[in-house]
Each structure stands twice: as C-alpha cells, then as structure tokens.
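Taking it in order: structure first as structure tokens, then the write-up.
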Number of protein chains: 2
Amino acid sequence: MAKDPERREAWTREATDYALEQGLIGLSLRPLAAAIGTSDRMLLYHFGTKDDLVAAVLHDSNDRAVAAVSALDPSTDLRAAVHDLWSVVRSAEFEPCTRLYVEAAALGLLGREPYAGVVREANERWLRSFVTHLTRSGVARPLAGRAATIIDAAFMGFQLDAPPDVGTTARKRAVADLSDAVAALGR
Amino acid sequence: MAKDPERREAWTREATDYALEQGLIGLSLRPLAAAIGTSDRMLLYHFGTKDDLVAAVLHDSNDRAVAAVSALDPSTDLRAAVHDLWSVVRSAEFEPCTRLYVEAAALGLLGREPYAGVVREANERWLRSFVTHLTRSGVARPLAGRAATIIDAAFMGFQLDAPPDVGTTARKRAVADLSDAVAALGR
DNA sequence: ATCCAACTGTAGCACCTGCTACAGTCGCCG
DNA sequence: CGGCGACTGTAGCAGGTGCTACAGTTGGAT
C-alpha cells in the first residue's frame, strides 16, 4: 500500500496544509489533488483509499498540535498553564489544527469510521500532552489528569461556539474564569 | 415561500427527528423525503431551499433543547445545577440535540452559511437558558453568566471527545470536577 | 361552468463523488 | 536485448447531489 514512503509523506503534509485551510468536511480528492499538483488517481494509488488519506492527514495535524504543546516552556503554576495552553490553541498557526480536530470529531459523532477511531486516538494523545505540560508545570499527578480533562473540554467548547471571536475580551475573561475555576480543584 | 404553514411545521418536526438520528452532515433530501413520506420535490417546494430546511431543523432542535432546560426545577445551588444541566444534556432524549448542534457548529466553523448564523443564534438562546436556570437556582447575576459560559463550553467538549462514553465513571468524575471548579468561581 | 392559483408527480439536468479499467511509460535486473 | 514490476495519464463508470422544467390535477371563488 505504501508504494513510495517519502512521496506519501510529502503529500500527507501538503494535504494537511490544504485541509487546515479548506476544512475537512467537504474535502474531496480532485480539488485537493489539483491544489498539491497531482491527480486523484495518484492519491488513491499511493494512499489506497480516501479514508486512509484522511486518517493520515488527521494524524499529521494532531502531531503538529501535540508538538506545539510539548514545545511549551513549563508554566509557573496551574493558572498560568491554562493561559499558556490557550495561547497555543488559539494561535494562528495551531488554531486550524484544533478546528480540524473538531470537524473530525463531528464526523465521528455517529461512530463513522475512520473518523471515530482516529479521533479517539488523537484525543488521547492531545490529553496526554496537556497532562505532561501540567506536571512539568508543577501540578501534582492525579490533579493534572482531572484538570486536563476540564481544560480540554472547555477549549473545545470555546472553539465550537464562536470561532470568529478568538481574541475578544469576552473570550479572554472566559479563559481567565476557566483558569480560576480549575485552580480551585487543587484545594 | 411558506405555502402551507402547518404542513411545513409538521415536516419540520419529522425532518428534525430524522436528522437527530441520522446526523446532519451527510443529510440529503431524497432519503429524508422518503423517510417522512414525501419527495425532494415537495420539500423544496415548501421550504424553498435545502439550506432553509436545515435552518428550520436546527431551530426546531434548539427549541426542544432549550425547552428541556427551561422545564427544569430550580437546583439547590450552583454545584447541583451543573449536575442537573448535565442530566438534560446527556439524556437519551436530548443528547441528539446537542449532537446536532455540534454537527452544525462544525459545518459553520469556516463561516459557511446558513450554519454559522443559525449556530450563533442557537448558542445565544442555549446560553441564555443556562443563565436563567442558574439564576433561578439562586446564583447571583454576573456570576451566572460567567459560569454558564464555562459549563456550556465544557459540556460541548465532553460531547465532542467521547460520545459513546456517556455515563461512564470517568465522565461522571469530570462533571463532578467541573461542578467543583465552577462553584469556586463564586468565591 | 370557468378560471385561476395552489399544489404535486415525472423526468431530467448539470455537476460532483470515490474509484477503476486500460493502456501505456519508465527504469532496473537478468 | 528481453522482460518485469513500479508507476501514471486518460477516460469513464455507477451512483449521488440540489434543483428545475413541464405537465398536469385539484379546489374554491366567480
């Protein structure tokens, strides 16, 4: 199935870039292929199936987002960690990654594959990166897991409810409230 | 455009039922029409456009969810309110409504109409119903708004990340943690 | 009875979807 | 050289999409 690994990887990256700006839900092979300078015929030959392509794209997008969180310097405390994590999630570079994740999760809501499976895996890795950042920031182990769950869920909700509002004062207060609320879990 | 109001309303309800179980993203007119005993031709005649039909369906679904929240007895305090609201959101009857909302929100993420507009309106009404329930439960006004924002966002995240897990102990602990965290906002 | 407007069934349009059959072309190994 | 396997362009298939043109068929007001 993997005929030419490096070409496949290059196409995966380009397809991910395309999906990040065009969206996943309406994605179809011919426009994607044209955008990255090939044909649907070639994509199917090298990926086997559209579903396999999509799975690769989601994995790649997830890799980027997780890497961004991993690259974060430790935060001073739990409250600061919420803000730092949010600054990654809402950043122009990585916001499309979480947007793509949301689209995939919506597609997987009814259990449709490959979305449901890939999304579950992506969420696990994403959550783990949150936990890792929290522990690196001095948050005790059991608390870190519980806080990460709340933080992740709230971030997804923020993303879902008002995507164009990123950066408004209302959103900033919501994040500040979230950090206050989560910090209270430690007591 | 609204030729026969009552038939249109009846079809809207039936279409909503259909969308609630079949999903919104892949929705197409012919299967829907067949399921409710008519034809795509008729749907288009009475609704004008698929987008108008979808908007009506989303509005109806939102009505049902908001009505369910409004029908709630006041909770004893903020923490209890989180649990009571969650019991509505996750209930077998209304969980599909929030699922549908999530699908619409995902479709609207890139600003595509009618989804983006309808979703914004639905979110406002939904949030307002949360605030109303919180104030009826004795939560002071400014706090109620801020808490509702966090609660709504977290609920959406829960829905998004692991739909089949509804009812598991992990999810219950997450909701309990959320109620603890939000309750701390009052101090 | 007439006429008009509201309604509806049939058939089809133009377009798009993932995917594939066929016919090559290319480079490497013998 | 022959041949073989990996690769790729062309064309097309079968099915689906929202939507519409056309030809009725009602039912009620005149």
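Naming: A, B, ... by sequence-line order, numbering from 1 per chain.
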Anything under 3.5 Å between a protein N or O and an N or O of nucleotides 20-26 of chain C, put it in a table, one pair a line.
unit_1, atom_1, unit_2, atom_2, d
C:dA21, N6, A:R41, NE, 3.4

Strand contacts (DNA chain C) in residues 11-35 of chain A, 4.0 angstrom heavy-atom criterion = A:L27, A:S28, A:L29, A:R30
Please identify each residue that fulfils side-chain contact (heavy atoms from CB on, under 4.5 Å) with B:V118, with sequence neighbours left out.
-> B:A55, B:L58, B:P114
Go through the structure and list residues passing ring pair (Phe, Tyr, Trp, His ring centres under 6.0 Å) with A:F130, not counting sequence neighbours.
-> A:W126
Excluding sequence neighbours, so at least two apart, what forms salt bridge (Lys or Arg N to Asp or Glu O under 4.0 Å) with A:R125?
-> A:D63
Output every pair passing side chain to side chain donor-acceptor pair (under 3.5 Å) with a member in residues 100-119 of chain B, not counting sequence neighbours, ordered by first then second residue.
-> A:D161-B:Y101, B:R99-B:E103, B:Y101-B:N123
Kindly write out the residues that satisfy salt bridge (Lys or Arg N to Asp or Glu O under 4.0 Å) with A:R64, not counting sequence neighbours, or none if the list is empty.
-> A:D17, A:D60
For A:D177, enumerate each residue passing the salt bridge (Lys or Arg N to Asp or Glu O under 4.0 Å) test, keeping only those at least two apart in sequence or located in another chain.
-> B:R146
Given atom CG of B:L43 and atom P of C:dT8, what is their separation to the nearest angstrom?
-> 11 Å
Which angle, rounded to 10°, do you find between the first-five-pair axis and the last-five-pair axis of the helix from C:dA1-D:dT30 to C:dG30-D:dC1?
-> 20°
Those residues that, when tested against B:D40, pass salt bridge (Lys or Arg N to Asp or Glu O under 4.0 Å) (two or more places apart) | B:R30
Can you pull the ring pair (Phe, Tyr, Trp, His ring centres under 6.0 Å) pairs that have at least one residue in residues 6-41 of chain A, sequence neighbours excluded?
-> A:W11-A:H46
Who pairs with B:T98 by side chain to side chain donor-acceptor pair (under 3.5 Å), at least two apart in sequence or on another chain?
-> B:Q159
B:K50 NZ to D:dT17 C1', straight-line distance once rounded to whole Å = 8 Å
